[in-house]
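To start, the structure itself, in structure tokens.
Values below: all heavy atoms of this structure, side chains included; hydrogens, waters and symmetry mates excluded. By convention in this document, chain letters (A, B, ...) are assigned in the order of the sequence lines, proteins followed by strands, and residues within each chain are numbered from 1.
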Amino acid sequence: MSQPGGRAASAPLMGREIEPTIFELSSPGRSAYQLRTTGVEALDLTSVVPGEYVREEPVRLPEVSERDLVGHVTRLSHRQFSVDLGFYPLGSCTMKYNPKIADWVTGLEGLNSVHPGVPSELCQGWLELMVDLEERLCAVTGMAAATLQPAAGAAGELTGLLLMRAYHESRHDQRRRVLIPDSAHGTNPASVTLGGYEVTTIPSGPDGLVDVAALKAALGDDVAGIMLTNPNTAGLFEENIVEIAEAVHGVGGLLYYDGANLNAILGVVRPGDMGFDIVHMNLHKTFATPHGGGGPGAGPVAVAEHLAPFLPGPQPAREGDHFVWRSPEHSIGRVHGWHGNALVLARALAYIEVHGGDGLRRVAERAVLNARYLQARLADTLPAAYEGPCMHECVLTAKGLKDETGVRGLDVAKALLEHGFHAPTVYFPLIVEEALMFEPTETESRETIDALVDALRSIAEQSVRDPDGVRAAPRSTPVRRLDEARAARQLVATEDAAHR
Amino acid sequence: MSQPGGRAASAPLMGREIEPTIFELSSPGRSAYQLRTTGVEALDLTSVVPGEYVREEPVRLPEVSERDLVGHVTRLSHRQFSVDLGFYPLGSCTMKYNPKIADWVTGLEGLNSVHPGVPSELCQGWLELMVDLEERLCAVTGMAAATLQPAAGAAGELTGLLLMRAYHESRHDQRRRVLIPDSAHGTNPASVTLGGYEVTTIPSGPDGLVDVAALKAALGDDVAGIMLTNPNTAGLFEENIVEIAEAVHGVGGLLYYDGANLNAILGVVRPGDMGFDIVHMNLHKTFATPHGGGGPGAGPVAVAEHLAPFLPGPQPAREGDHFVWRSPEHSIGRVHGWHGNALVLARALAYIEVHGGDGLRRVAERAVLNARYLQARLADTLPAAYEGPCMHECVLTAKGLKDETGVRGLDVAKALLEHGFHAPTVYFPLIVEEALMFEPTETESRETIDALVDALRSIAEQSVRDPDGVRAAPRSTPVRRLDEARAARQLVATEDAAHR
Amino acid sequence: MADYLPHTDTDLREMLAFLGLESLDELFAHIPEALRLTHALATPEGLSEPDVAARFQDLAALNQARSSRTVCFAGAGAYDHTVPPVVTSLGSRSEFVTAYTPYQPEVAQGVLQAVFEYQSMVSRLFGLEVANASLYDGATGLVEALNMAHGSTGRSRMVISQGVHPHWRQVVKTFARGTGYEIVEVPLVNGVTDWSGVDLGEAAAVVVAYPNVLGAIEEVGAPMNLAHAHGALGVVCANPVALGVLRSPGDFGADVVVGEGQPFGTALSFGGPYLGLFACTMEQIRRLPGRIVGETLDLEGRRAFVTTLRAREQDIRREKATSNICSNQTLMAITASIQLSYLGPRGLYEVAARSAAGAHHLAARLSEIPGVSLVSDAPFLHEFALRLPVSAHRVVHEMAAEGLLAGVALDHLSEGESCGVRDPETVLLVAVTEKRTREEMDSYVDVMKKVVA
Amino acid sequence: MADYLPHTDTDLREMLAFLGLESLDELFAHIPEALRLTHALATPEGLSEPDVAARFQDLAALNQARSSRTVCFAGAGAYDHTVPPVVTSLGSRSEFVTAYTPYQPEVAQGVLQAVFEYQSMVSRLFGLEVANASLYDGATGLVEALNMAHGSTGRSRMVISQGVHPHWRQVVKTFARGTGYEIVEVPLVNGVTDWSGVDLGEAAAVVVAYPNVLGAIEEVGAPMNLAHAHGALGVVCANPVALGVLRSPGDFGADVVVGEGQPFGTALSFGGPYLGLFACTMEQIRRLPGRIVGETLDLEGRRAFVTTLRAREQDIRREKATSNICSNQTLMAITASIQLSYLGPRGLYEVAARSAAGAHHLAARLSEIPGVSLVSDAPFLHEFALRLPVSAHRVVHEMAAEGLLAGVALDHLSEGESCGVRDPETVLLVAVTEKRTREEMDSYVDVMKKVVA
Ligand SMILES: Cc1ncc(COP(=O)(O)O)c(C=O)c1O
Ligand SMILES: Cc1ncc(COP(=O)(O)O)c(C=O)c1O
């Protein structure tokens, strides 16, 4: 099926049509590619590759002109919301503004053209950059050493759990369980399983904090450790963290800090000081390397002194005024094909260098101020799920609204799209009914937050007046609500499946 | 008035609200700027600048965070149609695809960071580039020498007219008039006036071509020259060009070629061979340096041998294996503050180098094929204004439609927006009633043209059925039709005027 | 063989068949045969994009005066100010880059609103009521200002200070060949214009630069008053960065202000594309050259923007238009408005003040070198003219070898136009921007010492 | 003091007042005082953006192995293929870059459709029915493949050819510490896997590389058949560019194919962010790790895309999820789909064929040098292992000084993992892409001659 390539009808700027797929735009014989003139003679492939391995026909890729490709992708980009277009208060995701200087950094030929397999003498700049970043991350978390290899937060978690395991094993200490609060992010339990441990879920108290008594009850000498975020996923600071740390350490367990919420405490308090042994960071959250529509991120792991010998290797290391690769003595080995998501690391370092220590503290202050302000302003519209002062994000509940009007949290989120804002995170943490989790981040202005409050108020009012109207939102987006059940029932995950 | 900064409601992606101005987004005390740390001590300005010159308060510029600035401009970009979003068949404007390699070229530090006032030894690369481009442009037009200084087509026209004047004056030949066909672009007569000449308008015949008899009748020894485009603005090739050239040269006049339509004849026929003495080119049209929402362009002028001594200077010139600046003997002087729109020139050269001679001919062939095909396919919907075979663009007329349904050419153009296409040029050339001028360009596919044809047919059908519906279009664009009279009557051209 | 054409062989065959043609050549059958080319154009064969990229990298490497090899102290109308990545990335969004002039406002609000914001900022910067959507550059902006003065006064005598950039004056003279203006230049004395001996009778315009080409901060009020006393328009050529700390020309009574907008977000770019800033009083609005964007409403009452007062323009008024300009420098104007929003009031102030601080620091240190002195003792901001004991060209050349672009040699710049100083071959124009560090200046001083010793 | 925060003093005052607070510090009053920092973080003071930019430029200049200084003949899993400006510019559009995972499909059709197109292309390239939305990189992709095999077979014995990249095997071993898999390595003989002596009893997966780390084109059908005969899944680690000319692993019966997607539009980037390509049979769909985008309709019947089969994922299934992956490499996946559309069938073929032509040309020329020979006589495509008479590390070092990145020294790469060759310290892995010119290769040969002489 051939389709026009030059029409913007699919773009929200004009019209309401769908954008054809690149395959639908394809026409046999059309092409865009241009390759260098090399002066190398063509090779008869069959003379060097056994016949059975030679592809009979080329891979069925799209055949488009450069012009049609540009039109297609540009129109797709106009069907995509982003931080650069507007407020994205998605809780737990820290969708702050991503400074453009970081894009510029990744454009440096001296960084982006370096092959990862070169000897250290040929990549001194990269090694220095990485060592600097490790040092900064240790300073921020209060830790002794770090690895930059993990490609995202979840990879950091699993790395941390393997470190935990290596540590216990080095002491010939067999342990079986890892404790996780019921408010934890799904990657935590999934990582625990992959780390070869069993999950013991710790309930949260009515105040949204870990139930310390329950936690203590769950402790035992088969507990390898605990995974916590602090502030936790309810946006609350675990005030009993010192008591918790003592209890876990008391049975020989380690404390793992899920750094997804680090933004709240930069320069205010450090995981190391709270008693954590292992910390991962989501550079794509706290350090504003953008999220790329789903990735790439980077999930460095920092550890206390006693865990440093187990870190993945090879590691960049300073040696006098030179930099070398070195593997920690009892390294668990590689967790990435090369050295981690290097250009993401470069972005994060640029961000940290611009801010410096006091700048990072300002980040945390403003992030918390914005969230606290938002929560307070919404108190009579969408009450907070918990009473305690929130940190950088607040979990509100639409339960009251639902009971009163039948309009659910998801409907509120969808209606918000209609008002020009991205939705909050819905139905997470799982322990809060009709949860709406807002994380305004520090880069949004007070006016923006006020406008969000106004929008939510008007949605709440409309919910009373015209609940069906709210449930039908959004209307003016490129597409409206989707039939998600159909997508799963009749899986069409490729162009070929679509035409089967 | 303070407004939220983080809302995408104004973006067509979501909602239908307007985007506040950057001033409305401004909040006193907010800022984005960061400057280098120089180690230079601050200076008490009043110690070096007399008090009366020192500004009392800073310029009232917007005060925004970097984040709000990015949001604002990105949202504005989502309210803007462009070639990269879709088909832009704007006649006379040659809105072809602009290859991204040219953007890359302008990003080269070795080109974009060079100060224009450096001695030639320090900018050999730039001089070579310019000389190369001059040579290519001469080859394309069949001319002997060129200047790259004019910043756009109109500047090229005026430069050409001043060359014409200098030429005649050098021969002590006083001339008063310049002939221009009635189909000419408005810049032609405006340039003639600024060149110190009077315009004599030559009518077009019913075939859309210059009325040769009328032209001959208008000739005399007070005629400095004639300005023509060929193909002309009706998209038709002036088949009598040799006769015209002989006639004009016969009275001692010169022929000026308005190169806005050069795309049609690349590698097919050259202005020099047709008898033209002076040619300007619109690099932002024919050579795909993009149009930038209105500019920058570049309007180099190439001339025959006898006009070369009058060209603007200084000019880049090859001298052995070096490049120098040199001023033509009888140069009319500078027509640009420096050397022309240099980075636009670099883009054009990249475009030409990719195509080569045969590639340029392919451009012309496909451009003409597309236009001819479009015109033929629309014959029964919107007939061509003239019978002859069109070149790279076709002028159609909605007169029949208007007579039948009351729907005007402008309405058709606006309705086209609703279908996802940019409008054609309307009501130009002035000599065609209800003119709709389509220039598909060579970079559009047949499918795209077919889709345009379908859209126009459906608009024509709707015009019969529901003329008011057509007249109310567009509906789904970021804004609908504007009150243009109000804009002129109550001029508000600045933020201050808006709040006066 | 590289190109960007979508036509497959099938497309070509079927489209030609639809037209009843046999070959592509037949598309041109109506063109007189004698004219039709029978051989390929005399241009090199097409290369692939990566080949062309390699060629351009080679060319770029040949420019010794690039920022990675020489630290820029050159100014004279083109300045090495900060262009932050955020401005570059916003200003190069493809929706702006690949749009045409906003003829269909329903789908061009992006460009239109950005230009409206630009006009607003230029108007405030220059202290005048209205600004247009941009002109080609500062030099051609001055030409348009003179055309406006001619239109306004009906006179043709243009009185111009020699403090105006020599290239601008050359451009003015070139275009005056067509309009027939008489150009009267007013000399500089000790670096500033001496208006005392000038006959302003029948003057259409009185033009002064602020600061002038030598960097001197000139009197602006006096020539404006002189202009008005003689029925002429007062025109100021302003350095727009300097206005971050200097009073707006409008405050001194200017009728028209033009400026080179390059310092606002546009790279040095070997001189273009730059940006002609242009503002004037409301009185002159009907004579304003180029496009103007105005505010209005759409039919549902939404605020919207549109090009307005179009009757001035060439496409409607043709030979009677106020100007022949059509394409302008919109993209640079959009970039300038982004850069000015980035800077804000304090940022623009800081850029000007820090540039001035650097210039005064450097000037003081250089003046200590035997044989080196300031050309004039007039006040200056971030640019100054230096008298050298040797040829300025030689100094530029030798300092470039040490990684410093020392400035612009005045005689190289002026190409025979007078800038009111004796022995221009020993005069060097030096500019300092907020980017220049103390270290760079120290090294400048050290190298200069060696070179002139 | 630089930052990106919008809060003015007034904002701070009023927001705090609204909250009934006196100071920002009070926001943290509920945090135990003993924990609260009383001093600034031990990180350097903040710098302005231009200062940071200068620092990064300095760092970048320290990398001798950058493209402007050394021509890249290194491969071993990371390749210097063409990335045209059009792909970079589309792939870096800020709507994609600054979006989150597409949780709200109504406003995320851009990313969702782009990923759907990516999945479609990966599926066709690998010859398997379904592909996911990306994994971190090739190495962790292999880990996920093994987890899938474990889930599918209930077994934990992973049989892996030593032709698989040594880093990938290291990563597999690291993660096997958690999952407890037994890793059985199968040796290479004359550069290709020798499956003869392997006990495949209770194997969950049989893994082969195609081509392998030495560049050899290995038999794929045989190990797949072996796997199936023993109830294991057949897993192929494919070089995706090679598949431009080589048959898809799916054709040979592979159940899972993983690959490193870097060659599709992603710069070398010192090793990341790259792209884990992953495809499998429909049979394994419920065990597929990571996100999948599927097609559906919106409530007005428009085609639309959405992440689907979400019940597999960690946020819903938690400790029973098929994988812990959350953030993936979407942006690289989008870029890869753009690059593959740019190349099209013929372009991808050309890239592979030209790379192969270059590699064979270079290999032949190098083999003529005394003491230099190919490690294996197995067929290869665009990458080969060279036996040198001296240390490969020394050769890399010395050739770098002459502007050539000669390749990757095998022992540097393998860090103790066996790649089935003796004396790995004298083995150099050389890769040639379609970018390498004959001139560059000639100079490579000349320099190599000198270095090994
Ligand atoms: C609390 C928490 N932990 C862990 C993660 C996982 O991080 P990543 O997506 O980088 O793997 C997230 C990400 O959403 C998170 O919010
Ligand atoms: C036929 C013709 N001539 C001249 C011009 C003027 O060119 P420019 O806009 O570059 O000044 C145009 C531009 O629209 C044109 O179409």
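Only the side chain of D/Leu413 comes within less than 4.5 Å of a heavy atom of chain A; its backbone N, CA, C and O stay farther away. Looking at A/Ile22, both its backbone and its side chain come within 4.5 Å of chain D, counting heavy atoms on both sides. The parts of D/Ser94 that come within reach of chain A are both its backbone and its side chain, each placing non-hydrogen atoms under 4.5 angstrom from that chain. Interface remark: D/Val52 contributes side-chain atoms only to the contact with chain A (heavy atom separation under 4.5 Å). Both the backbone and the side chain of D/Thr437 have a heavy atom closer than 4.5 Å to some heavy atom of chain A. Proximity to chain D (any heavy atom under 4.5 Å) is restricted, for A/Ile18, to the side chain, taken from C-beta onward. In this structure, the portion of D/Arg354 lying under 4.5 Å from any heavy atom of chain A is its side chain and not its backbone. Looking at A/Leu491, only its side chain comes within 4.5 Å of chain D, counting heavy atoms on both sides. Within the 4.5 angstrom heavy-atom criterion, atoms from both the backbone and the side chain of A/Ala346 approach chain D. Contact of D/Leu125 with chain A is made through backbone and side chain together, with heavy-atom distances under 4.5 Å. Contacts of A/Val268 with chain D are made by both backbone and side-chain atoms, with heavy-atom separations under 4.5 Å. Proximity to chain D involves both the backbone and the side chain of A/Trp126, based on heavy atoms less than 4.5 angstrom apart. In this structure, no portion of D/Ser92 lies under 4.5 Å from any heavy atom of chain A. Looking at A/Leu194, both its backbone and its side chain come within 4.5 Å of chain D, counting heavy atoms on both sides. For A/Leu161, no part sits under 4.5 Å from any heavy atom of chain D, backbone or side chain. Residue A/Arg481 touches chain D through both its backbone and its side chain, counting heavy-atom pairs closer than 4.5 Å. In this structure, chain A has a heavy atom under 4.5 Å from the side chain of D/Leu348, while its backbone stays farther away. Residue D/Ala321 touches chain A through its side chain alone, counting heavy-atom pairs closer than 4.5 Å. Looking at A/Tyr88, the atoms closer than 4.5 Å to chain D (heavy atoms on both sides) all sit in the side chain, from C-beta outward. Interface residue D/Asn328: backbone and side-chain heavy atoms are both found under 4.5 Å from chain A. Within the 4.5 angstrom heavy-atom criterion, atoms from both the backbone and the side chain of D/Phe116 approach chain A. For D/Ser67, the parts sitting under 4.5 Å from any heavy atom of chain A are the backbone and the side chain alike. Of the atoms belonging to A/Pro314, it is side-chain heavy atoms, and not backbone ones, that fall under 4.5 Å from chain D. Proximity to chain D (any heavy atom under 4.5 Å) is shown, for A/Leu369, by both the backbone and the side chain. Looking at D/Ala108, both its backbone and its side chain come within 4.5 Å of chain A, counting heavy atoms on both sides. With a threshold of 4.5 angstrom between heavy atoms, D/Arg93 approaches chain A through side-chain atoms but not through N, CA, C or O. Interface remark: A/Arg165 contributes side-chain atoms only to the contact with chain D (heavy atom separation under 4.5 Å). Heavy-atom distances place both the backbone and the side chain of A/Leu69 under 4.5 Å from chain D.
Ion pair A/Glu442/A/Arg362 not flagged as a salt bridge, since none of the NZ, NE, NH1 or NH2 atoms sits closer than 4.0 Å to an Asp/Glu carboxylate oxygen. The residues A/Arg366 and D/Asp3 are annotated as not salt-bridged, no charged nitrogen and carboxylate oxygen being separated by less than 4.0 angstrom.
In terms of heavy-atom pairs under 4.5 angstrom with chain A, the leader among D/Val306, D/Leu90, D/Thr43, D/Thr179 is D/Leu90. Ranking D/Ser327, D/Gly358, D/Cys326 against chain A, the residue ahead of the rest is D/Ser327, based on heavy-atom pairs under 4.5 Å. Chain A forms more heavy-atom pairs under 4.5 Å with one residue of D/Gln119, D/Arg302, D/Arg36 than with any other, namely D/Arg302. Contact tally against chain D (heavy-atom pairs below 4.5 Å) for A/Ala154, A/Ala497, A/Gly196: the top residue is A/Ala154. Across D/Val351, D/Leu19, D/Leu27, D/Leu343, the residue that shares the most heavy-atom pairs under 4.5 angstrom with chain A is D/Leu27. For the set D/Ile325, D/Ile316, D/Ile338, the count of heavy-atom pairs under 4.5 angstrom toward chain A peaks at D/Ile338. Of all the listed residues (D/Glu319, D/Gln64, D/Arg438), the one sharing the greatest number of non-hydrogen pairs under 4.5 Å with chain A is D/Glu319. Per-residue counts of heavy-atom pairs under 4.5 Å with chain D were compared for A/Glu56, A/Glu484, A/Gln124, A/Arg486; the largest is that of A/Arg486.
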Would you please test A/His284 and A/Val344 for side chain to side chain contact (heavy atoms under 4.5 Å, CB included) and show each step?
CA-CA 8 Å; A/His284 41 304; A/Val344 178; 5.5 Å; no
Decide side chain to side chain contact (heavy atoms under 4.5 Å, CB included) for D/His165 and D/Glu260; before the verdict, give the C-alpha distance in whole Å, the side-chain angles of both, and the deciding distance to 0.1 Å.
CA-CA 11 Å; D/His165 195 290; D/Glu260 174 48 67; over 6 Å; no
Quick one, A/Arg79 with A/Val479, criterion side chain to side chain contact (heavy atoms under 4.5 Å, CB included). Give me CA distance, side-chain angles, the key distance, then yes/no.
CA-CA 9 Å; A/Arg79 297 165 76 79; A/Val479 297; 4.0 Å; yes
Derivation of the ring-ring contact (aromatic ring centres under 6.0 Å, His included) call for D/Tyr136 and A/His336:
CA-CA 8 Å; D/Tyr136 304 136; A/His336 187 273; 8.1 Å; no
With side chain to side chain contact (heavy atoms under 4.5 Å, CB included) as the test, would you mind laying out the steps for D/Ser341 and D/Met121 before giving the verdict?
CA-CA 9 Å; D/Ser341 305; D/Met121 294 182 212; 3.2 Å; yes
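A side chain to side chain contact (heavy atoms under 4.5 Å, CB included) with A/Leu122 is found for one member of D/Asn63, D/Leu405, D/Leu62 and no other, namely D/Leu405.
A donor-acceptor contact closer than 3.5 angstrom is absent between the side chains of D/Gln113 and A/Glu19. Of the N and O atoms on the side chains of D/Ser68 and A/Glu109, at least one donor lies less than 3.5 Å from an acceptor on the other residue. Side chains of D/Glu106 and A/Thr477: no donor on one and acceptor on the other come within 3.5 Å.
Using the six-membered ring where Trp is involved, A/Phe237 and D/His30 have ring planes that are perpendicular, over 60° apart on the 30 and 60° scheme. Using the six-membered ring where Trp is involved, D/Tyr103 and D/Tyr100 have ring planes that are tilted, between 30° and 60° apart. In this pair, D/Phe270 and A/His339 present their aromatic rings tilted. The plane angle is within the 30 to 60° band. Between A/Tyr373 and D/Phe18, the angle of the ring planes goes over 60°, which puts this pair in the perpendicular group of the 30/60° scheme.
With hydrogens and angles ignored, the 3.5 Å screen pairs a side-chain donor or acceptor of D/Gln329 with a backbone N or O of D/Tyr274.
Enclosure of atom CD in A/Glu52 by more than 12 non-hydrogen atoms of other residues, nucleotides or ligands within 6.0 angstrom is indicated.
Note that CG of A/Leu45 and CZ of A/Arg55 are 12.0 Å apart. Values are rounded to the nearest 0.5 Å.
Counting heavy atoms from C-beta outward, A/Leu360 and A/Val140 have side chains that approach closer than 4.5 Å. The shortest distance between side-chain heavy atoms of D/Arg303 and D/Glu295 falls below 4.5 Å.
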